[in-house]
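These notes are about the structure you will find just below.
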Protein chains: 2
Amino acid sequence: MNAGTDTKHRILSTARELFHNRSYADVGIKEICSAARVQKGSFYHFFPSKRDLAMAVIDDMAEDWAHGFVAEAFDRNLPPVERLDYMVDAAYYWQKAAHDIEGRMPGCLFGNLALEVSTRDEVLRAKLNAVFDKASSRFEQTLEEAVESGAIAPLDTQATAQAMLAYLEGVILLAKTRNDPDVVLRLGPAIKTLRIERRTPN
Amino acid sequence: MNAGTDTKHRILSTARELFHNRSYADVGIKEICSAARVQKGSFYHFFPSKRDLAMAVIDDMAEDWAHGFVAEAFDRNLPPVERLDYMVDAAYYWQKAAHDIEGRMPGCLFGNLALEVSTRDEVLRAKLNAVFDKASSRFEQTLEEAVESGAIAPLDTQATAQAMLAYLEGVILLAKTRNDPDVVLRLGPAIKTLRIERRTPN
DNA sequence: AGTGTACTTGACCGGTCGGTTAAGTCAAGT
DNA sequence: ACTTGACTTAACCGACCGGTCAAGTACACT
């Protein structure tokens, strides 16, 4: 049993790293297996297909996020507006660390996968969409609190939250293309300037 | 001669469409050839490798852009701020049209390629980076005019221009993941709210 | 001791990948 | 008329792809 869960976990974390640093299509099962010191047959014992592996990787990382720095960033003890800065900082330090080690910016796994697979796999697309929805709702909640506390003027919290998530992904995309994590630091804070007004209720 | 340039052009436009609608890794040379009604050998007569094809595709599309709707959007006859709206609208209608025909949102070819290949091919990454730089400088020029005319308060035009480009890419990424072009319409206009202040010159 | 099951092994499958090659077509230049 | 060289054709290459399989090993339960 324990040998099994360990093997599965090793596959999962190896795949996650490889998918993140390269891409879904570019990393083969054989490579994942040899990097995780696992045989092909064992792989297919745990995952029916490469696609199912991708699903599991997304779930795995989404869960790590939810309980990791995203949970910290959106800690309700923090003043709402500071949480946005915290998110940007977290993104920066993460990318910076990877860049220092690997020499390349991996970007956001979800964003990478989304652009790569969402035109050819409906199920994966929907899953990634759900991840984004969840992230967006964190922003939304933060904005609602900020409005309630009077820190910012009332606005369309849902749309603005989506805009902020989009901006974060866009900044990471640009930084990755420049291969320069500092872009995140320079452009990131402007996330707070984004505003989408409430639709006039006339 | 003419037969040659026609064949080359057919390869180029076919590859562009396939890369855009799917991805670089997912589309093989064989598929490109059969779709373009060209033989493999002819392909390799014009392009030394798949990667060189990608380069040519990027150049091709960048040029089309520069002389197409981007030129219109950033027409100096338009008031600066309206140009931003024009860009967003253009992005929307383009994605919308593709979505209506194919049922899927292809997103931005440059953004797609950037996330897919920039961790494994330095040269392609640099090329895509240059495309983004050029796009960003269009935004920058627009912002400078807007500041000069007093339409908006002074700001760090270069950084804000990059932020706007990042936002546009992010919005398209999110819309593609949702497979819903309307996201562009809903979030896009907020591009005008983005601001990065000048660094305090103290 | 015997059995069921979770797990591992490594050879194997058909198919496709990017890329090569050799033989030819054809039109322009001389 | 003959040569040149751009272009096309289709068979072919080794490598690798995702995925399968039969044969085992190791361990829990009876």
Side-chain angles (χ1 to χ4, degrees), chain A residues 1-58 113 116-125 127, chain B residues 1-58 112-113 116-117 119-125 127:
Chain A
M1 316 279 122
N2 248 358
T5 60
D6 178 64
T7 301
K8 185 170 183 176
H9 181 262
R10 224 161 54 232
I11 295 171
L12 217 43
S13 61
T14 304
R16 185 168 129 176
E17 197 184 322
L18 288 173
F19 285 159
H20 193 186
N21 285 322
R22 311 243 291 284
S23 77
Y24 177 68
D26 194 41
V27 177
I29 289 173
K30 187 182 171 182
E31 183 180 359
I32 294 169
C33 287
S34 63
R37 281 162 296 115
V38 163
Q39 299 289 19
K40 263 263 198 81
S42 296
F43 175 93
Y44 279 97
H45 174 74
F46 293 103
F47 301 98
S49 74
K50 188 185 183 186
R51 197 179 69 136
D52 288 86
L53 171 66
M55 301 270 215
V57 164
I58 295 170
L113 283 176
E116 185 178 1
V117 308
S118 67
T119 44
R120 30 166 183 153
D121 192 314
E122 258 304 295
V123 183
L124 279 176
R125 203 216 87 234
K127 196 166 203 81
Chain B
M1 313 280 122
N2 248 359
T5 61
D6 178 63
T7 301
K8 185 171 184 175
H9 181 263
R10 224 162 53 236
I11 294 171
L12 218 42
S13 63
T14 304
R16 184 168 131 177
E17 196 183 321
L18 288 172
F19 286 159
H20 193 184
N21 285 322
R22 309 244 289 286
S23 76
Y24 177 67
D26 195 41
V27 178
I29 290 174
K30 186 181 171 182
E31 185 179 358
I32 294 169
C33 288
S34 62
R37 280 162 296 116
V38 163
Q39 298 288 17
K40 262 258 198 82
S42 296
F43 175 94
Y44 280 98
H45 174 74
F46 294 104
F47 301 98
S49 73
K50 189 185 182 186
R51 195 176 73 130
D52 287 86
L53 171 66
M55 301 269 217
V57 165
I58 294 170
N112 297 350
L113 283 176
E116 185 178 359
V117 309
T119 45
R120 39 171 176 147
D121 192 312
E122 258 304 297
V123 183
L124 279 176
R125 203 215 88 234
K127 195 166 203 80

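Within every chain, numbering begins at 1; the chains are lettered A, B, ... in the order of the sequence lines, protein sequences first and strands thereafter. Side chains included, hydrogens not; waters and symmetry mates left out as well; all remaining heavy atoms used. Note that the structure is a prediction, hence the values are computed from the model and not measured.
Counting to the nearest Å, the C1' atom of D:dA22 and the OH atom of A:Tyr44 are 17 Å from each other. Regarding A:Lys50, its NZ atom lies at a distance of 15 Å from the P atom of D:dT20, rounded to whole Å. What separates CG of B:Asp52 from P of C:dG18 is a distance of 14 Å, to the nearest Å. One atom, NZ of A:Lys30, and another, P of C:dT16, lie 19 Å apart when rounded to the nearest Å. A:Asp6 places its CG atom 17 Å from the P atom of D:dA26, with the value rounded to the nearest Å. Between the CD atom of B:Glu31 and the P atom of C:dG15 there is a distance of 18 Å, given to the nearest Å. With rounding to whole Å, A:Phe47 atom CZ is found 15 Å from D:dG18 atom P. Between A:His45 atom NE2 and D:dA23 atom P there is a gap of 19 Å when expressed in whole angstrom units.
The pairing partner recorded for C:dT30 is D:dA1, the criterion being a Watson-Crick or G-U wobble arrangement whose two distances lie under 3.5 angstrom.
Contact detail for A:Ile32 and A:Val27: the closest heavy-atom pair is CG1-CG1, 3.5 Å.
Distance check, rounded to the nearest 0.5 Å: OG1 of A:Thr14 to CZ of A:Phe19 gives 10.5 Å.
Here the side chains of A:Leu124 and A:Ile58 are in contact, with some heavy-atom distance below 4.5 Å. The closest side-chain heavy-atom distance from B:Asn21 to A:Thr119 is not below 4.5 Å. Using a 4.5 Å cut-off on side-chain heavy atoms (C-beta onward), A:Asp6 and A:Arg10 make contact.
Out of C:dG19, C:dC7, D:dT20, the shortest distance to the side chain of B:Ser49 is found at C:dG19.
Interface residues of residues 16-29 of chain B facing DNA chain C, ordered by number: B:Val27, B:Gly28, B:Ile29; criterion, heavy-atom separation under 4.0 Å.
For B:Lys50, there are no side chain to side chain donor-acceptor pair (under 3.5 Å) partners at least two apart in sequence or on another chain. With sequence neighbours excluded, the residues forming a salt bridge (charged side-chain N to carboxylate O under 4.0 Å, His left out) with A:Arg125 are A:Glu122, listed by chain and number.
Legend: side-chain hydrogen bond (donor to acceptor under 3.5 Å, both in side chains) pairs involving residues 25-40 of chain A, not counting sequence neighbours, sorted by first then second residue: A:Arg22-A:Asp26, A:Arg22-A:Glu31, A:Asp26-B:Arg120.
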Hey, what are the protein-to-nucleotides 9-14 of chain D N/O distances that come in under 3.5 Å?
unit_1: D:dA10; atom_1: OP2; unit_2: B:Gln39; atom_2: NE2; d: 2.6

Donor-acceptor pairs under 3.5 Å, side chain of residues 41-49 of chain B to any protein atom, not counting sequence neighbours: which ones?
unit_1: B:Ser49; atom_1: OG; unit_2: B:Arg51; atom_2: N; d: 3.3
unit_1: B:Ser49; atom_1: OG; unit_2: B:Asp52; atom_2: N; d: 3.2
unit_1: B:Ser49; atom_1: OG; unit_2: B:Asp52; atom_2: OD1; d: 2.6

